[in-house]
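First the structure, then my questions, so here it is.
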Amino acid sequence: MTVYEVFRQERKGQPFQHAGALSAPDPAFAEVYAREQYGRRQESVALWLVPRDAIEELGDFVDELGRTYHRVDGYPLKEKLKEARERAAARAG
Amino acid sequence: MSAREQEFLAYVQDGGQVETGDWMPDEYRAKLIKFIEMHGNSELMGVLPEREWILRAPTLQRKLALTAKVQDEVGHAQLIYRVVEDLGKPRGACLDDLVSGRAKFHNVFHYPTKTWGDVGVIAWLVDAAAIISQKALLKCSYAPYARIMKKICWEESFHILHGRDVVLTLMNGTDEQRELVQEALDRWWGPLMQFHGNPISRDEDPMYLWRIKSQGNEEARQGFLDGYVPQIWELGLTVPDPKLRKRDDGVWEYSEPDWSELRHVVTGHGPRTAERLDLRRAARESSAWVRQVVLAEAA
């Protein structure tokens, strides 16, 4: 038996999302099971069936150098903005 | 508990979710298998009382709807056993344990269905009680189980409507039809009140400790009473419990459910336990050749 991961797309243009897994003896059975489990009420417009062994999972994305400069959380503007407004108001006097 | 297990426990208690390949404590894995396997068994055994009524359903539309519900429930069992398989227990082993009587399934599926009124009450109220537990599983700490619960809850909501439609049709019919519903409600109320289990505090419930469940038993029962008793009353039906009432603080009071009956039934001594397990065993044996042929051809 092969385990297949099933990804379903709910409407055209939307991302395929992981829905579950199924096990089947061959691709023909996998197709039948997937259609029955994830499509028989027209709840999907497309399915991706991927043998689990074909999936390469990557993880552990470590930010060793604390590189906040390429993320939005690296730019806390609140304090600076407050100060700038106060300065502008003072200048306008 | 080791430091690593403590850390894991704190992680799930903080709302963290776990994937199949992640490290997990052995105890957590064992609890997951026990809980999810029982759910799978219940889906599979739950179709047997309803299956008995496909040929006796009053109209073609009802036969089709009931057949579709049976197909859905068997599909849920397939999805759930797949999750159990990834945790380390093969589907074949789950089915062997089920038919040999070693594994448990929900109390409500051990009882007979006497009339078409039972079919309506099961599809409406048993499924309603089940969906209250199942909705809480959408937040399960084990993510693959939580994900398939989305599909399961989606299908269960149609089952409840189907059941309510059957009940409403009978209630709008003759006195005799209304009587069928009342009798069925009288029969099912006891098992329904036992369904969510004894009122153990959630902090003493190991399934809650590991955040496999996200609500306690009594919380689930209160949710069921709050959601459905008003719907039962508005149809002019009587709930067979003179003590049932909603207090001013919103808590429902009720007569103590028969916990010894619950224990007796779920340990394999229900009125239809043996008969239904025989049927499941016969189905497993008579379909063995199909599995052999298919697996041999695929090999």
Side-chain angles (χ1 to χ4, degrees), chain A residues 1-64 66 68 71-73 76, chain B residues 17-23 36 40 43 64-65 67-92 94-95 142-159 161-162 290-299:
Chain A
M1 298 287 259
T2 305
V3 176
Y4 293 81
E5 297 293 347
V6 183
F7 298 81
R8 55 182 281 263
Q9 188 186 37
E10 216 162 275
R11 282 191 297 279
K12 279 265 180 242
Q14 289 200 332
F16 281 72
Q17 289 195 331
H18 185 241
L22 56 88
S23 51
D26 62 31
F29 270 97
E31 181 184 331
V32 173
Y33 292 156
R35 283 182 181 279
E36 281 301 319
Q37 285 285 14
Y38 295 103
R40 73 174 179 280
R41 288 204 175 87
Q42 294 79 46
E43 67 268 46
S44 308
V45 293
L47 298 176
W48 284 347
L49 283 185
V50 186
R52 182 178 281 173
D53 292 347
I55 294 176
E56 180 105 22
E57 184 176 318
L58 307 177
D60 289 331
F61 302 101
V62 184
D63 181 15
E64 282 166 336
T68 59
R71 299 197 303 261
V72 288
D73 67 352
Chain B
Q17 287 190 302
V18 184
E19 293 291 340
T20 310
D22 296 346
W23 180 85
I36 303 174
E43 297 279 0
L64 290 170
T67 310
K69 181 177 189 307
V70 164
Q71 185 192 10
D72 288 349
E73 310 288 16
V74 172
H76 298 169
Q78 287 181 350
L79 291 172
I80 293 166
Y81 284 139
R82 177 91 275 296
V83 172
V84 178
E85 276 192 307
D86 278 343
L87 287 165
K89 183 165 182 178
R91 183 163 70 178
C94 295
L95 293 170
Y142 187 59
Y145 187 43
R147 281 196 292 270
I148 63 161
M149 288 315 299
K150 275 197 231 166
K151 174 192 155 67
I152 292 177
C153 288
W154 179 63
E155 290 185 346
E156 293 293 353
S157 49
F158 132 78
H159 298 164
L161 284 180
H162 152 78
V290 180
R291 288 188 292 279
Q292 280 162 10
V293 168
V294 168
L295 291 174
E297 275 183 7

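A, B, ... follow the sequence lines: proteins, then strands. Residue 1 opens every chain.
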message = Rounded at 0.5 Å granularity, tell me how far CD in E31(A) sits from CG in D26(A).
response =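 Interatomic distance, E31(A) CD to D26(A) CG, rounded to 0.5 Å: 10.5 Å.
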Those residues of residues 41-51 of chain A, ordered by number, that approach chain B below 4.5 Å (heavy atom to heavy atom) = R41(A), E43(A)
query = Considering only heavy atoms, which portion of A21(A) lies under 4.5 Å from any heavy atom of chain B: side chain, backbone, both, or neither?
reply =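 When you check distances to chain B, atoms from both the backbone and side chain of A21(A) fall under 4.5 Å.
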query = Got more than 12 heavy atoms from elsewhere within 6.0 Å of CG, D60(A)?
reply =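 No.
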Please set out all donor-acceptor pairs under 3.5 angstrom arising from side-chain atoms of residues 291-299 of chain B, sequence neighbours excluded.
{"residue": "R291(B)", "atom": "NH1", "partner": "S287(B)", "partner atom": "OG", "Å": "3.0"}
{"residue": "R291(B)", "atom": "NH2", "partner": "R284(B)", "partner atom": "O", "Å": "2.9"}

query = What's the shortest heavy-atom distance between A30(A) and Y4(A), and which atoms?
reply = CB-CE1, 3.6 Å
ask   = By ring pair (Phe, Tyr, Trp, His ring centres under 6.0 Å), which residues pair with F158(B), not counting sequence neighbours?
value = none
task = State, to 0.1 Å, how close A77(B) and G40(B) come at their nearest heavy-atom pair, and which atoms those are.
result = CB-O, 3.7 Å
request  = Could you verify whether a donor N or O on one side chain and an acceptor N or O on the other, from S23(A) and Y33(A), lie under 3.5 Å apart?
outcome  =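 Per modelled atom types, S23(A) and Y33(A) side chains form no pair under 3.5 Å.
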ask   = So which heavy atom on P25(A) is nearest to which on M1(A), and how close?
value = N-SD, 3.6 Å
key: Residues from residues 5-18 of chain A approaching chain B under 4.5 Å (heavy atoms)   = H18(A)
inquiry  = Main chain of V74(B), side chain of E43(B): is a donor-acceptor contact present, judged purely on distance under 3.5 Å?
reply    =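 Side chain of E43(B) to backbone of V74(B): no pair is present.
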key: Side chain / backbone / both / neither for D72(B) at chain A, heavy atoms under 4.5 Å   = both
request  = Give the minimum heavy-atom separation between I80(B) and I36(B), together with the two atoms involved.
outcome  =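 Between these two residues, the closest heavy atoms are CG2-O, 3.2 Å.
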